[in-house]
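Down below is the structure, laid out as structure tokens.
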Amino acid sequence: MGRQAEVAQVVRTLDRARSVTLTGVGGVGKTRLALRVARVLQPSFPDGVWFVELSSLREPELLGNAVCSVLRVAQRVGRTQIEVLAEFLEPRRALLVLDTCEHLADECAALVDTLLEAAPGLRVVATSRRVLGIDGEWCIQVEPLPVEEPAKEPAERPSGVTGKAAAGGGAVALFVDRAGTLVPGFAATPEVAVICRRLDGIPLAIELAAVRLRTLSVEQIMRRIDDRFGLLLGGDPAGQPRHRTLRTAIGWSHELCEPLERLLWARLAVFAGDFDLEAARAVCADPGSGAGLRRDQVESLLYALVDKSIVRRDDTGEGVRFHMLDTLRDYGAEWLRELGQEERTRRRHRDHYLDLARRFDAEWFGADQVAWYVRMRRELPNLRSALEFCLGDAQAEHPVGLDLAGRLTYFWIGCGFVAEGRHYLGRALALCHAPGANRSRALWACAWLADFQGDLEEANDLATECMFQAFSGGHRAAAGWGTICCANTGLHWGYLNEVLPMYERARRAHEQGGDPGAGVAYALLGEAYVLRRLGRHEQALACLRRQRRLCDAYGDIWLRSSGDLVRTLIEIDRGDMRTADRYAHASLRAKRVLHDSFGMAAAVKGLAGTAAGLGDMERAARLLGIGDLVERSFGVRLGLPHPNGAGEQAEARARKALGERRFRDAVTRGRELELESALSYALTGGEDAEGAA
């Protein structure tokens with residue numbers, strides 16, 4: 001409210017500057033202003049407007065990962081995340097909003113410098129309590145909302161005077177808007193303007209004051225603010241720095257909370273990002289049923305904090321979530337430290353998310369994969385926070401961090417967080433050298449991720465160590481997965497005949513007490529792919545049938561759809577293009593739902609192969625362009641263990657049939673589509689492979 005001039009100023013500035021930083025005190029409205037600017041400018045940036053919230057990120061090395069996860073750009077083999085981002089953004093006219101940069105100012109400055117140099121069409125808006133200090137940066141100080149001065153002192157004016165004259169300022173209008181949700185028909189009085197002036201026009205402070213209308217009159221609010229500010233600010237609030245004004249307003253709200261509400265506020269500060277009621281109960285309630293904060297009290301106290309505007313409630317579509325603004329979270333964190341409860345509360349937070357990770361690990365290979373993907377992606381800030389707690393200075397927590405990072409293996413691999421998973425697993429392995437089931441698991445998980453990033457020597461070393469420890473310790477699942485990872489690197493090196501028995505041994509290890517679900521399914525996938533490469537199609541099909549039955553029994557679509565990709569290549573080899581086309585369509589549908597970028601690119605290239613085989617060369621060429629679009633959009637390149645070959649065959653056939661010029665034109669049309677439209681085009685005209693043998 002009351003920011004039209006500031007919005008127009010930022011929009012005008014972005015016409016001549018490529019980087020704008022919004023600075024100002026906490027609670028002044030930098031984030032809301034940036035969001036409004038992004039909405040206004042969205043039509044001007046056809047290639048995307050992205051908002052990246054950084055307040056919960058504490059690990060500077062993960063800045064590129066955090067931006068990539070919002071832009072849905074995956075790690076490319078042998079490239080850093082910032083390099084991938086630069087290449088992704090280079091051809092695009094896009095707007096990137098980086099919110100809350102002050103604690104990562106140097107890293108954000110380096111990132112923005114790199115991206116602006118690489119991408120001429122990129123514009124960046126940052127919010128920060130300090131400037132970033134990059135070349136060409138325009139800084140706009142976000143001032144508090146203007147406050148209309150009352151014409152007379154409140155005592156000389158009738159208390160019922162209302163109307164636009166009193167509510168002309170942005171600060172007063174904000175107070176009236178928030179108060180109107182609590183007191184129907186509320187209208188401004190001169191006292192409201194005095195309150196807003198006492199609060200220096202800071203939006204967050206005004207919102208916290210307005211919510212007190214539940215229990216106090218405007219006159220009472222004004223008197224209490226004057227009393228408190230006179231005590232803490234030496235009787236001259238107008239002359240004090242505005243950050244002290246905000247802290248004083250927050251402190252007043254804190255004093256007006258009941259003791260258990262204050263305690264909950266402090267404990268909620270350990271959450272990074274948002275959280276649900278289940279998490280609040282698990283983390284904030286005291287164990288047992290004795291004194292303290294009981295589990296059955298958390299919900300009512302949480303909603304009391306919502307009513308006081310300390311906590312915000314969001315209906316996300318997947319359920320109700322809660323969050324606190326950074327300034328309020330920081331205040332709660334200070335009180336938690338004062339209470340001497342920070343470590344024990346963070347440990348309960350860690351334990352809750354470790355439990356969530358264990359449930360994810362146990363249930364991922366099943367019927368709820370999409371729901372788990374959505375949930376774990378939303379919980380990523382809290383998972384990061386839990387990992388940082390474990391892998392920090394507290395020596396006793398390192399083994400728990402190893403367990404937590406390992407339990408997230410399928411999230412790192414199957415949901416597009418390869419580089420971040422490897423980062424955490426690598427740190428955990430460097431801190432925990434004692435052999436055991438958790439270390440064996442972390443070794444094969446890190447080997448798999450290193451393989452995806454093209455570090456084959458390291459992947460092979462990690463997998464070899466995993467196999468040695470797993471066989472010595474009798475960890476059958478780790479032995480099976482370690483063997484699979486050794487086979488994967490051998491497949492990259494071209495040792496087809498050598499890796500086939502390795503996949504077979506891995507399958508038997510999983511069948512005999514290892515991982516009877518995903519482990520067996522992936523080993524069968526590896527066997528089928530190698531058999532297809534060796535020209536032994538019937539044996540490959542037998543493996544795929546077994547793999548499909550297994551995936552169907554569990555309700556899995558992740559590895560089943562990878563099996564469909566291998567089936568696509570087999571049917572192309574055998575010349576049955578219609579069957580190949582059905583499997584490619586089915587695979588793309590599943591990969592799209594799971595946001596499996598590698599799988600989507602491979603499926604589109606498979607569809608290009610079937611289109612060429614069916615004689616539709618224009619569609620084949622356009623699909624090749626769409627395949628390039630998917631790879632570029634997610635920063636990936638097709639390679640093993642994902643099937644390949646169909647795209648190369650399609651390109652040769654379409655180029656020959658269309659001629660160079662028509663072929664290039666069709667490919668360009670595919671590349672220039674918007675991503676979702678391109679995927680929808682790729683999925684038209686195909687049948688599902690459900691029930692195909």
Side-chain angles (χ1 to χ4, degrees), residues 18-23 30-31 34 38 48-76 78-90 92 94-119 122-137 272-274 326 329-330 377-389 391-392 405 408 411-412 415-428 449 453 597 634-636:
R18 299 184 59 207
S19 174
V20 174
T21 300
L22 306 178
T23 62
K30 301 183 294 295
T31 298
V49 174
W50 291 286
F51 181 86
V52 184
E53 196 279 318
L54 297 174
S55 66
S56 64
L57 188 68
R58 290 291 179 265
E59 186 71 15
E61 291 87 348
L62 295 179
L63 175 61
N65 297 77
V67 179
C68 282
S69 68
V70 173
L71 273 62
R72 297 192 184 280
V73 175
Q75 176 67 45
R76 182 178 297 178
R79 308 291 299 280
T80 68
Q81 292 287 57
I82 293 179
E83 289 172 336
V84 172
L85 279 169
E87 185 171 333
F88 170 75
L89 290 167
E90 185 273 329
R92 289 172 162 75
L95 174 65
L96 181 63
V97 180
L98 300 176
D99 184 52
T100 313
C101 299
E102 56 267 9
H103 62 301
L104 300 169
D106 293 340
E107 292 79 11
C108 286
L111 172 71
V112 172
D113 258 337
T114 300
L115 297 184
L116 290 177
E117 182 178 357
L122 178 67
R123 298 291 185 271
V124 176
V125 173
T127 73
S128 176
R129 297 184 194 180
R130 52 176 283 201
V131 299
L132 300 186
I134 63 176
D135 291 338
E137 177 185 22
D274 58 17
D326 296 337
R329 183 190 299 117
D330 292 345
R377 188 180 180 91
R378 177 174 286 280
E379 297 290 5
L380 184 56
N382 282 302
L383 292 166
R384 286 172 177 153
S385 179
L387 283 162
E388 287 303 322
F389 173 71
L391 302 178
L408 295 170
F411 180 70
W412 307 133
C415 303
F417 292 90
V418 172
E420 186 164 348
R422 189 177 174 195
H423 167 84
Y424 282 120
L425 285 163
R427 284 179 62 190
L449 294 168
Q453 291 188 299
S597 53
F634 290 97
V636 301

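For CD of Glu61, the number of neighbouring non-hydrogen atoms (other residues, nucleotides, ligands) closer than 6.0 Å is greater than 12.
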(Q) Leu380 vs Phe417, test: side chain to side chain contact (heavy atoms under 4.5 Å, CB included). Steps then yes/no. (A) CA-CA 10 Å; Leu380 184 56; Phe417 292 90; 3.5 Å; yes
Q: Could you walk me through whether Arg18 and Asp135 pass the salt bridge (charged side-chain N to carboxylate O under 4.0 Å, His left out) test, one step at a time?
A: CA-CA 10 Å; Arg18 299 184 59 207; Asp135 291 338; over 6 Å; no
Q. Between Leu104 and Leu111, does a side chain to side chain contact (heavy atoms under 4.5 Å, CB included) hold up when you go through it step by step?
A. CA-CA 10 Å; Leu104 300 169; Leu111 172 71; over 6 Å; no
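Minimum interatomic distance between Ala66 and Val52 (heavy atoms only, all atoms of both residues): O-CG1, 4.2 Å. Taking each heavy atom of Arg384 and Ser69 in turn, the nearest pair found is NH2-OG, 4.4 Å. In terms of heavy atoms, Thr23 sits closest to Lys30 at C-CD, 3.6 Å. Taking both residues in full, the closest heavy atoms of Leu85 and Cys68 are given as CG-SG, 3.5 Å, listed atom of the first, atom of the second, then distance. Nearest heavy atoms, Ala272 versus Asn382: N-OD1, 2.9 Å. Leu115 approaches Ile82 most closely through the heavy-atom pair CD2-O, 4.2 Å.
Atoms OG1 and CZ, on Thr21 and Arg130 in that order, are 11.0 Å from each other to the nearest 0.5 Å. Taking CG of Leu62 as the reference point, atom CD of Glu388 lies at 7.0 Å (rounded to 0.5 Å).
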What side-chain donor-acceptor pairs closer than 3.5 Å can you find for residues 95-102, not counting sequence neighbours?
| unit_1 | atom_1 | unit_2 | atom_2 | d |
| --- | --- | --- | --- | --- |
| Asp99 | OD1 | Thr31 | OG1 | 2.6 |
| Asp99 | OD1 | Thr127 | OG1 | 2.6 |
| Asp99 | OD2 | Thr31 | OG1 | 3.2 |
| Thr100 | OG1 | Asp326 | OD2 | 3.4 |
| Glu102 | OE1 | Arg129 | N | 3.1 |

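Residues passing the ring pair (Phe, Tyr, Trp, His ring centres under 6.0 Å) test with Tyr424, sequence neighbours excluded: none.
Within the 3.5 Å criterion, the main-chain N or O of Ala110 finds a donor-acceptor partner in the side chain of Thr114. Between the side chain of Trp412 and the backbone N or O of Ala405, at least one donor-acceptor pair lies under 3.5 Å. Within the 3.5 Å criterion, the main-chain N or O of Leu132 finds a donor-acceptor partner in the side chain of Glu137.
Sequence neighbours left out, the pairs with a member in residues 51-60 that pass salt bridge (Lys or Arg N to Asp or Glu O under 4.0 Å) are Glu59-Arg427.
A 4.5 Å side-chain heavy-atom check between Trp50 and Val67 finds every atom pair outside the cut-off. Side-chain contact between Asn65 and His423 is absent, with no heavy atoms from C-beta onward closer than 4.5 Å.
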